[in-house]
2 protein chains.
Amino acid sequence: MRKNPIFQRETLGAAVLQVRSGRSTSRTTLARALGISPSTTGLYVDQLIADKYLNESGLNQGPMGRPRRILTTQADAGWFAGVEFNAQRIQAVGVDFSGGLKMSVELILPAEVLADQVIKSILSCVARLAATMEGPLLSVGLGVPGLVDAQAGVGLSYAFIPDWQQVPVVEKIGSTLNVPVILQNNLRAIALAERWFGRGHELNDYVILGPRSGFGIAMVQEGRLIEGARHAAGEVGRWPWQPSEGAESSQELHHALSAPATWRRLAGLGPRAKLPEDLRAGLAEVAGKEGAEWDAVCTDFARVVGCLQLILDTGVFILHGPLTVLGERFCHAITETACVQMPALRGTGLKVVPSTLGDNAGALGAASLAMEAWSPA
Amino acid sequence: MRKNPIFQRETLGAAVLQVRSGRSTSRTTLARALGISPSTTGLYVDQLIADKYLNESGLNQGPMGRPRRILTTQADAGWFAGVEFNAQRIQAVGVDFSGGLKMSVELILPAEVLADQVIKSILSCVARLAATMEGPLLSVGLGVPGLVDAQAGVGLSYAFIPDWQQVPVVEKIGSTLNVPVILQNNLRAIALAERWFGRGHELNDYVILGPRSGFGIAMVQEGRLIEGARHAAGEVGRWPWQPSEGAESSQELHHALSAPATWRRLAGLGPRAKLPEDLRAGLAEVAGKEGAEWDAVCTDFARVVGCLQLILDTGVFILHGPLTVLGERFCHAITETACVQMPALRGTGLKVVPSTLGDNAGALGAASLAMEAWSPA
DNA sequence: TGGGGTTTTTTCGCATTCGAATAAAAAGAC
DNA sequence: GTCTTTTTATTCGAATGCGAAAAAACCCCA
């Protein structure tokens, strides 16, 4: 072996990612995935094993030939924090080095919370995780609502926290915790969660549908998030929109298709009807409905999805947020309606599916950010 | 100097691209752009100069310090062919090694042409170019209509040439010419043309609007073309659409906004009105119009552009095709109307501009493909 | 039980690439 | 003019990463 080889941090990080994701389980497959030679890969793996980031866990016999020496990540090598918030609450998760979800924390924010308070609360959430998680904290991912400059590490704006303007989040959090902090818009973080914890496993192209208080989407093309020149890609909610039922005055899409609006429409209530305590529960009640309201809502969703499919050609749309309680039936209805209404969609493999991740998808996505950004010291 | 260094072809190619585009003009800037060390860059440049691909053309004195030794591409090192076609005609251009347009050729195809005939005609166009261009042909780029699998080098389908199905174009052309052949959808090729020959110079994010016989778009995000999982991204023309004037039955977008449809609407004629011999001339006549028809057309375009801006957040939309004769005024009207009708667009930097490239944009784009793909033997 | 076949892993020499220092080239200060 | 400052280019030793070949590990089949 070489005496004191100095390795490229990025390559070490990429190797760990490959192993953690399960895409590469042996030195040879890892070499192919990373695009470096088998000999070099061997050295890198040796180093990572020596540093207790990876270990060998048995053999994997292929149909023939020498069996692969299975590489796995060492779960106790440290942990990642993933934090997501909006104006109501903070959600945080602790994930071990193998990518296993170990702990989950929620914190309700007071009404009319301000930016500084949010930052403090985030730190206290991470501290709560740290009390239980074993090993050192390796990095923190943050899913931030509103406009985010991921590269600069700055939260640009968010409608529901008035002074959330140009907040240097990475600096504020990072200087306290002394670990790398990675920022991303929370919906785009969810897209990463889907890749690590959900259905996006084998997918390189998909769209996250995020109808919540508004309606945003996150797009993944060839494995990369689409951010937009000004970090504002995916603002479908602001499309002009005329709901398919009744020729009301035209408005913006989120007035018709946000989670609350969808509930009101499905429940047959007016646009000012009071929301139930628990929106998910309310939605669950109307999930089995049929009739004109149901059809109208499906038609509207189908129109959005169809239009997106025609532009982006991604094929898979993953529904997130409260509306997932409407279940497969809802998603299936959208897919069907879209193909009926827009013949051009036939044969495009269009498919809408509900996410299998729960309410903490955003936090999981943030943890994914942390994992993807980490590389050994 | 080292005796016989073996260089990476890709890196050599990337270096030439940098120099040709004018983004890197000296060894040091080139080193930064390529992400390799200055010393290695020096060796690469020496090699490229020795092989007559680059040369040094004088000095460039910065505000201080040793002046840069300006690197330029050797125009006569060879040439690239760019070919684009549709069911009506083939356009081909010859571009020298410095990216200068040297020659242009057009060939009208007979009605109801078949795939084999097209391939033959493409070869004859290239032969015509070869007769005049100096130096060896280095590679050929092809802008193909319809669905294209760029990686596989196969034309998948095209509505207006019946037997254009699964045509292994790269194989057919490449085996005859014995140079690399690169395929791409013709509208996406135009996006590259814009980068090399037009307004896309400094842009990393933009959208090409291509209203012709249909309505397609090509998208560039962070310098990369968006292809879609099934090579079908950008099919905006198949959006369901209700033109803003008159509540006609709803139809698809290209029925309202293709180049012919736009002319008919601007000229105040019905959807079956006979087209003029020369559509561009016809459009030029109505370019100065005002009134309800003009406003309606602008509103429709504004709706499309606005929706696209909200999803993609690219900022710049470049109008291509016959409608460019409507000029700045048309584009400006679209921009204005969009911002008025969709308040969310304020501050997004939305801008629609007509392309400065002419009718051979597609062929130029194909030549760009050829240039981008080339690397020394 | 031993040999051929197949795939993974490691060994080992070589050379491409890097880093740091050095040289080169010019502007501006004095 | 000479010296400092600044930026670019080159030199040169060191070492990271590669390729080819060897070794290892396992299957199958006589």
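Here is how names work: the chains are called A, B, and so on, in the same order as the sequence lines, proteins then strands, and each is numbered from 1. Side chains are part of it too, since the values below use all heavy atoms of this structure and drop only hydrogens, waters and symmetry mates.
The closest side-chain heavy-atom distance from A:Leu225 to A:Val220 is below 4.5 Å.
Atom pair A:Glu10:CD and D:dG17:C1' shows a separation of 15 Å (rounding to whole Å applied). Regarding A:Ile70, its CD1 atom lies at a distance of 16 Å from the P atom of D:dA25, rounded to whole Å. Look at CZ on A:Phe7: it is 14 Å from P on D:dA15, rounded to the nearest Å. Taking atom CD on B:Gln8 and atom C1' on C:dT16, their separation rounds to 8 Å, with Å as the unit.
Interface residues of residues 29-37 of chain A facing DNA chain C, ordered by number: none; criterion, heavy-atom separation under 4.0 Å. Using a 4.0 Å cutoff on non-hydrogen atoms, the parts of residues 54-69 of chain B near DNA chain D are B:Met64, B:Gly65, B:Arg66, B:Pro67, B:Arg68, B:Arg69, ordered by number.
Counting non-hydrogen atoms under 4.0 angstrom, B:Thr28 reaches the backbone sugars and phosphates but no base. Heavy atoms of B:Thr41 sit nowhere under 4.0 angstrom from any nucleic acid atom.
One finds the NZ atom of A:Lys351 at 12.5 Å from the OG1 atom of A:Thr314 (value rounded to the nearest 0.5 Å). Atom CZ in B:Arg230 sits 7.5 Å away from atom CG in A:Asp313 (nearest 0.5 Å). The distance from the CG atom of B:Asp96 to the NZ atom of B:Lys102 is 5.0 Å, given to the nearest 0.5 Å.
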List, one per line, each side-chain donor-acceptor pair under 3.5 Å for residues 168-183 of chain A, sequence neighbours excluded.
residue	atom	partner	partner atom	Å
A:Lys172	NZ	A:Asp116	OD1	3.2
A:Ser175	OG	A:Glu171	O	3.0
A:Ser175	OG	A:Lys172	O	3.2
A:Thr176	OG1	A:Lys172	O	3.2

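Note on B:Tyr44: every side-chain N or O is 4.0 Å or more away from OP1 and OP2 of C:dT16. Residue B:Thr40 places none of its side-chain N or O atoms closer than 4.0 Å to OP1 or OP2 of C:dT16.
Between B:Phe80 and B:Phe97, the ring planes are parallel. Angles under 30° get that label, and only those over 60° would be called perpendicular.
If you check C:dT17, D:dA9, D:dT10 against the side chain of B:Ser26, the one that comes closest is D:dA9.
In summary, the side chains of B:Thr73 and B:Ser98 do present a donor paired with an acceptor at a separation below 3.5 Å, with no hydrogens or angles considered. Side-chain contact annotation: A:Ser26 with A:Thr28, donor-acceptor N/O pair under 3.5 Å absent.
A 6.0 Å sphere centred on CD of B:Gln61 holds more than 12 heavy atoms belonging to other residues, nucleotides or ligands.
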